[in-house]
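Each remark here refers to the structure printed beneath this line.
Here is the naming used below: chain letters follow the sequence lines, and residue numbers restart at 1 for every chain. Quick note: numbers below take in every heavy atom, side chains included, and nothing from hydrogens, waters or symmetry partners.
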Number of protein chains: 2
Amino acid sequence: MGRGDMKSNITMKDIAEKLGVSSVTISKALNDKDGVSDALKEKIKKLADEMGYRYNTTAKSMKNGLTYNIGVVIPERFSGGMSQSFYFRAYQEAAKQFERYGYYGIMNILSSEDEEALRLPRLYYEKKVDGFIFLGQLSPEFISLVKEMDMPKVFLDFYDEHDEIDSIITDNFYGAYDITNYLVGKGHTSIGYVGNLYATSSIQDRFLGYYKSLLEHRIALNEDWIIRDRDERGKYITFDLPEALPTAFVCNCDQVAHLLVNRLKKEGYRVPEDISVVGFDNDIYATITEPNLTTVEVDINEMVTQAVKLITRKVQGKNKSYGRTSVKGKIVTRDSVLDLRQG
Amino acid sequence: MGRGDMKSNITMKDIAEKLGVSSVTISKALNDKDGVSDALKEKIKKLADEMGYRYNTTAKSMKNGLTYNIGVVIPERFSGGMSQSFYFRAYQEAAKQFERYGYYGIMNILSSEDEEALRLPRLYYEKKVDGFIFLGQLSPEFISLVKEMDMPKVFLDFYDEHDEIDSIITDNFYGAYDITNYLVGKGHTSIGYVGNLYATSSIQDRFLGYYKSLLEHRIALNEDWIIRDRDERGKYITFDLPEALPTAFVCNCDQVAHLLVNRLKKEGYRVPEDISVVGFDNDIYATITEPNLTTVEVDINEMVTQAVKLITRKVQGKNKSYGRTSVKGKIVTRDSVLDLRQG
DNA sequence: CTGAAAGCGCTTACAG
DNA sequence: CTGAAAGCGCTTACAG
């Protein structure tokens with residue numbers, strides 16, 4: 001698109017009058033549709049440019065009922081602290097992806113009050129968007145409310161146990177399974193897990209992947225080594241460490257691995273010499289921690305790409321259900337695991 | 001707003017027909033305007049609720065030419081790495097503030113290609129927004145282009161030397177002045193500055209605040225102690241440290257202070273015992289650094305609040321110029337400065 | 001207190 | 001190849 005004078009308020013009608021044609025012809029020309037001679041089309045485009053014409057998306061919206069906006073809703077509790085890095089990267093990637101479809105994302109931080117009071121975003125009540133991407137675990141009650149919304153929606157990075165809504169999730173189960181296998185491969189046979197199994201489905205699934213690895217290797221699950229890291233509402237708590245510790249811990253996320261490493265050091269343990277620790281996410285905490293964490297990298301960009309593709313497809317009426325799509329992560333090896341087979 | 005059945009496609013006309021009145025009456029009632037009896041007004045609101053009516057902002061936009069969206073443009077180079085924390089917090093606060101005015105923010109990451117090719121955001125060409133907040137230093141050429149846009153705009157966290165556009169900036173000058181005074185107060189008389197004076201106006205202004213403090217205390221400026229931290233395009237470079245070092249450094253931002261501290265440690269210096277270091281911004285780097293940095297806290301929220309207030313005011317036609325508004329920061333004392341007067 | 005008419009800027013049939 | 005008419009869902013004068 002060109003520049004010209006950069007005046008606002010220029011409409012197709014203005015261009016039409018200057019050229020002595022109808023605004024229908026202008027519309028066709030500017031949208032590269034059939035029914036206008038090439039010569040006229042060129043002339044129109046050139047003049048539009050010179051006059052600084054800018055397309056009025058609102059008028060188009062009025063006609064077809066589409067706003068070309070998607071709401072991206074992030075619960076407030078994920079928007080602060082260090083997890084913000086993940087969400088900001090995700091949101092940025094979403095913005096980029098939306099461009100490909102001629103869409104725009106409008107971010108909405110869902111306040112904890114609104115979530116508890118079961119208040120849907122104003123974006124919804126004002127018909128500002130054609131659909132929603134919900135990024136980050138919502139309360140079950142809020143999920144029910146969301147389901148009632150007569151509007152396309154996709155869950156990103158979490159899912160609903162009752163499964164009616166399309167979700168894009170990281171492959172928590174196999175990610176945790178893989179990294180636990182990795183520990184076993186390094187000779188570890190007493191392995192703990194850090195995470196509150198009742199806090200989010202991610203934590204639960206990662207636990208189950210960890211457990212699957214134990215089962216496959218005929219390693220008994222030791223309940224003492226399942227360490228709670230947060231309460232049910234997600235607030236971190238002080239670890240309650242048992243007397244006897246395993247040789248390795250699988251943590252449900254890098255941040256918690258970071259906290260655990262610091263705690264272990266404070267208690268006089270060396271990482272990884274005495275105890276190995278692995279994380280999940282490969283976020284900023286993985287490289288802030290000393291030693292740097294071996295962890296599972298979540299492929300945010302791929303997840304977002306899929307979520308955006310899905311929501312724009314659903315908006316265009318292809319409203320069939322896709323269920324859960326999980327995107328594979330991969331192990332990133334750093335310095336927080338000791339090879340017990342060596343020496 | 002109520003819930004009801006959550007059907008879409010309900011219009012005022014639908015409500016009107018059910019009640020045997022005109023849609024004008026529905027409009028008046030729902031907007032709490034005069035000209036409808038209270039009884040009818042209540043009845044209408046109740047029915048709208050029950051029918052799951054949702055207001056169509058697009059139609060309103062069509063009438064008055066306002067989209068109720070503001071574009072928030074962030075140059076790509078600030079959107080990655082650790083500076084993202086600042087920008088995300090700023091964007092979040094902006095989103096929150098916009099709500100107060102019935103506005104929404106649409107974030108646009110300005111790619112480096114688009115900035116160089118002088119391509120304005122598509123948001124502009126599609127009339128998706130009523131105005132722009134530009135968050136983070138733009139190239140002079142792009143600034144010129146922005147000025148040509150016939151649309152309200154506010155610069156946030158930087159300004160144009162030629163001063164025609166309203167800007168909200170942190171008080172770089174006095175912030176650097178204050179923290180340099182603080183160092184002098186602790187007995188330091190040989191003080192360096194870290195930053196490329198030609199990279200951004202913030203770095204320049206912080207330098208000048210530092211310089212003012214030196215002047216006031218009759219401390220000569222030593223050119224050898226002005227350390228370049230990045231090239232003109234903002235890319236960090238390896239510090240070129242002189243043989244003889246001062247007892248303290250004022251860094252133009254926390255990230256650079258972080259890099260400097262690590263470099264000094266590597267060279268065998270202790271911080272703050274041998275050399276004191278102060279930063280600017282109070283971002284994540286201030287507390288990641290060991291020792292934690294004494295720095296100047298930028299009041300992001302206040303800056304954003306002012307920027308949002310300003311742009312919404314300008315959109316409503318009050319298009320007078322406000323010039324630069326600088327928001328005061330404050331010194332946050334931590335462990336990176338040695339008191340030379342002690343002992 | 002209530003409503004018919006016109007209009008915001010486009011696009012979609014449809015007619016010529 | 002070109003255009004008159006109708007309509008998207010509201011709101012703004014204006015008339016009754």
- Assert: residue with more 5' nearest nucleotide on DNA chain D, out of B/Ala59 and B/Val24, is B/Ala59
- Item | Donor on one side chain, acceptor on other, B/Arg100 and B/Gln97, under 3.5 Å | yes
- Message: Closer than 4.0 angstrom, basic N to acidic O: yes or no for A/Arg89 and A/Glu93?
- Response: no
- Message: Taking A/Arg122 first and then A/Asp114, would you say they form a salt bridge - that is, a charged N and a carboxylate O separated by under 4.0 Å?
- Response: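 Looking at A/Asp114 together with A/Arg122, the answer is no, because their closest N to O distance does not fall below 4.0 Å.
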- Query: Under the criterion side chain to side chain contact (heavy atoms under 4.5 Å, CB included), which of B/Thr25, B/Leu47, B/Val21 is the partner of B/Ile15?
  - Reply: B/Leu47
- Message: Strictly distance-based, threshold 3.5 Å: is any side-chain N or O of A/Ser27 a donor or acceptor partner for the main-chain N or O of A/Ser23?
- Response: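 No; zero donor-acceptor contacts below 3.5 Å.
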- Identified stems (criterion: three or more consecutive Watson-Crick or G-U pairs, under 3.5 Å), DNA chain C: C:1-3 with D:14-16, C:5-12 with D:5-12, C:14-16 with D:1-3
- Quick one: closest heavy-atom pair of B/Ser139 and B/Arg77, and the distance?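 Heavy-atom minimum between the residues: N-NH2, 4.4 Å.
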- Task: Hey, can you tell me if A/Tyr124 and A/Phe132 have their rings parallel, tilted or perpendicular (30° and 60° cut-offs)?
- Result: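 Geometry flag for A/Phe132 against A/Tyr124: tilted rings.
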- Message: Go nucleotide by nucleotide along DNA chain C from the 5' end; which of A/Lys60 and B/Gly35 gets its closest nucleotide reached first?
- Response: B/Gly35
- Message: Taking the nucleotide of DNA chain C with the nearest heavy atom to each, does A/Tyr55 or B/Met62 sit closer to the 5' end?
- Response: B/Met62
- Item | Contact boundaries on DNA chain C for chain A, cut-off under 4.0 Å to non-hydrogen atoms |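 For DNA chain C, the relevant span reads C/dG9 to C/dT12.
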